[in-house]
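Take a look at the structure below.
Reckoned from all heavy atoms, side chains included, excluding hydrogens, waters and symmetry mates. Letters A, B, ... are given to chains in the order of the sequence lines, protein chains preceding strands, and every chain is numbered from 1.
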Amino acid sequence: MRTILFILQKEFLQIRRNRAMIPIIFIAPIIQLFIMVNAATLEMKNISICIVDNDLSSTSRQLTNKFSSSPFFKVTGNTFDMNEARLQIESNKAQMVLNIPAGFEKRLVRENKAEVQMLFNAINGTVAGIGNAYANQIMMGYNREVIAKWIGISKNMPTMKTIEPIPSFWYNPDMNYKIYMVPAILVILVTIMGMLLASMNIVREKEMGTIEQINVTPIKKIHFVIGKLVPFYLIALFMLSFGLTIGKLVFNVPFVGNLGMLFAVACVYLLTVQGIGLLISNSANTQQQAMFVSFFFMIVFIMMSGIFTPTDSMPQWAQIINYFNPIAYFMKLIRMILLKGSEFHDIYKDFMILLGYGVVMITLAVMRYKKVSN
Amino acid sequence: MSERETIITVSHLVKKFGDFTANDDLNFEVYKGEIFGFLGANGAGKTTAIKILCGLSKPTSGNATIAGFDVYTQKDDIKNSIGYMSQKFSLYEDLTVTENIRFFAGIYGMTRKDIKIKTQQLLAKLELEDSAKKLIKDLPLGWRQKLAFSIAIVHSPKIVFLDEPTGGVDPITRRQFWNQIYEAAAEGVTVFVTTHYMDEAEYCDRVSIMVDGKIAALDTPQGLKQTFEAESMNEVFIKLARVAVNN
């Protein structure tokens with residue numbers, strides 16, 4: 001026990017002296033939260049639209065006004081030439097084209113029906129799909145107005161009522177994408193600290209040659225490993241608290257669930273992450289190697305964790321891989337606890353898997369950690 | 001000599017890495033309190049042997065006891081009885097002088113009170129009082145080596161292993177370093193030292209010279225010079241090493 005205290009004292013001194021560490025602990029959460037949360041949004045606003053109005057009637061103008069007054073669309077071009085409009089899509093100046101052909105109003109009056117064309121740049125399928133949905137909503141609303149107008153009855157007439165579902169969005173009523181992303185960024189920060197920096201720290205002793213000196217001392221490997229991992233464990237938990245504070249103060253993330261339970265999950269999660277970090281440091285000889293291998297695992301794990309897209313909609317094989325993805329568990333649980341207010345019995349199963357995973361990984365890593373060569 | 005107390009006993013020690021035999025049937029004894037020079041060309045197998053003696057590596061066959069402890073079964077006891085300073089720099093560069101002393105003394109189980117006393121003694125002896133709060137990386141190399149040696153024996157080990165301790169330091173500092181070694185030996189610490197400087201070999205009580213994984217000669221520097229009809233240890237070494245090259 002005394003040995004561990006001496007190691008911990010040394011580790012904290014070294015961490016404090018490491019010029020990169022203080023920025024990583026304090027600045028990284030701020031930057032990641034402010035930049036990533038604000039930037040990584042699936043919310044579609046300002047979809048650029050190019051309008052080709054060859055009708056120039058009052059009816060067509062009403063329709064284009066609907067688009068230009070919508071917060072979802074931004075008119076970035078007006079032209080009479082479809083080729084010009086197509087060029088705008090090709091050069092990425094417009095994501096959508098609304099084509100109103102000449103004679104639109106006339107046909108609407110005479111034949112009671114008219115056609116418009118909508119073109120989407122679907123290189124990003126999601127944007128195109130959501131844009132299409134928004135545009136359709138506008139068209140339908142406009143359609144109703146036209147019908148009401150041409151038939152000459154008030155749009156408030158009871159007979160005009162259609163079935164209109166009114167959605168109510170649970171757990172994130174304002175559909176605020178930011179409060180969905182803040183917990184995800186915290187997961188990444190905790191992972192970087194627990195896996196990447198911890199493994200690099202251990203490998204650093206190999207690189208500097210001081211590991212040789214440690215090896216000839218009576219320090220037991222378990223003491224050494226504990227002395228190495230505990231500081232990063234604590235710093236990771238501190239970063240989580242720091243990030244949660246920013247999340248609350250700046251992004252007003254609701255803390256619906258129990259924070260104590262969240263930290264319990266984080267503590268268990270860190271066991272797994274540090275176990276992986278230790279395994280990596282075991283086979284790496286330089287900090288560079290440790291970094292590359294850690295990054296490889298982190299990127300795969302993060303991308304598959306459901307950070308942007310729900311894991312439930314991933315193909316079966318991906319979901320099977322996710323059984324072994326610690327980040328996926330933490331990603332799910334942190335959102336459940338913070339945003340949904342899940343109780344322990346809701347997360348019980350995932351928690352126990354994560355706990356088992358953590359115990360196995362850390363035990364395996366400590367056992368495989370070699371103090372004696374050959 | 002034979003009535004002296006032996007502290008390291010090595011018999012028929014073999015270490016193989018695959019087909020390569022790094023240590024081929026080593027046999028020698030080291031007596032308590034002596035300065036034992038362990039010489040050999042690069043790649044002769046010195047470092048491999050030292051690693052085994054320090055409990056870092058298991059021999060393939062043969063026996064060795066260090067301070068009465070067996071290298072196979074009593075590694076922890078061995079580690080408690082030895083000090084070690086390697087050719088690679090072994091202090092923490094981002095810790096201060098005092099912090100390094102405290103850490104290494106601490107992990108050898110010294111109490112905080114003893115550590116404080118020992119630190120004061122060390123700083124006074126090395127005349128490092130003014131640099132106590134300096135980081136190791138801000139110290140000149142010679143000072144670091146002297147400090148590293150003092151820290152290697154901070155817990156009063158029975159044996160201290162020095163693996164090319166004076167590499168890269170100037171002759172004056174080397175001389176001072178050897179004074180430290182003499183002092184330690186006078187206090188009863190056995191010194192096991194490898195070096196490439198043949199003048200340093202002359203300072204040793206006894207010298208062994210390894211060639212191709214075997215001990216080719218072992219005697220006092222005086223004895224070796226007589227046996228090989230050489231003027232200096234340098235000549236002895238070259239005569240022996242040439243055999244290796246001719247093979």
> Below 4.5 Å, heavy atoms only, C-beta onward: do Ile215(B) and Asn27(B) meet side chain to side chain?
Replying inline: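 Sidechains of Asn27(B) and Ile215(B): no contact.
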Engaged part of [X] at the chain B interface, taking heavy atoms whose separation is under 4.5 Å:
X         : answer
Ile4(A)   : neither
Arg204(A) : side chain
Gln9(A)   : side chain

> How are the rings of Phe238(A) and Phe242(A) set to each other: parallel, tilted or perpendicular (split at 30° and 60°)?
Replying inline: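 Judged by the thresholds at 30° and 60°, the geometry between Phe238(A) and Phe242(A) is parallel.
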> According to the interplanar angle, ranging from 0 to 90°, do the rings of Tyr92(B) and Phe104(B) count as parallel (below 30°), tilted (30 to 60°) or perpendicular (above 60°)?
Replying inline: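 Tyr92(B) vs Phe104(B) ring planes: parallel.
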> So, Gln289(A) side chain and Asn285(A) main chain: donor-acceptor pair closer than 3.5 Å or not?
Replying inline: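 Checking the backbone N and O of Asn285(A) against the side chain of Gln289(A), a donor-acceptor pair under 3.5 Å is found.
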> So which of His223(A), Met208(A), Glu212(A) has the biggest tally of heavy-atom pairs under 4.5 Å with chain B?
Replying inline: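 Going by pairs under 4.5 Å, I would pick Glu212(A).
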> Taking Ile211(A), Asn18(A), Thr3(A), Leu13(A) one by one, which has the highest count of heavy-atom pairs under 4.5 Å against chain B?
Replying inline: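 Counting heavy-atom pairs under 4.5 Å, the top option is Leu13(A).
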>> Heavy-atom cut-off 4.5 Å, strictly under: side chain, backbone, both or neither for Leu135(B) against chain A?
In response: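 Only the side chain of Leu135(B) comes within 4.5 Å of chain A.
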> Which atoms of Ile115(B) come close to chain A, meaning under 4.5 Å heavy atom to heavy atom: side chain ones, backbone ones, both, or neither?
Replying inline: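 Only the side chain of Ile115(B) comes within 4.5 Å of chain A.
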>> Could you check whether atom CD of Gln288(A) has more than 12 heavy atoms from other residues, nucleotides or ligands sitting under 6.0 Å from it?
In response: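 Check fails, neighbour count at 12 or below.
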> Between the side chains of Lys146(B) and Gln176(B), does any donor sit under 3.5 Å from an acceptor?
Replying inline: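 Checked: Lys146(B)/Gln176(B) side chains pair up, N/O donor to acceptor below 3.5 Å.
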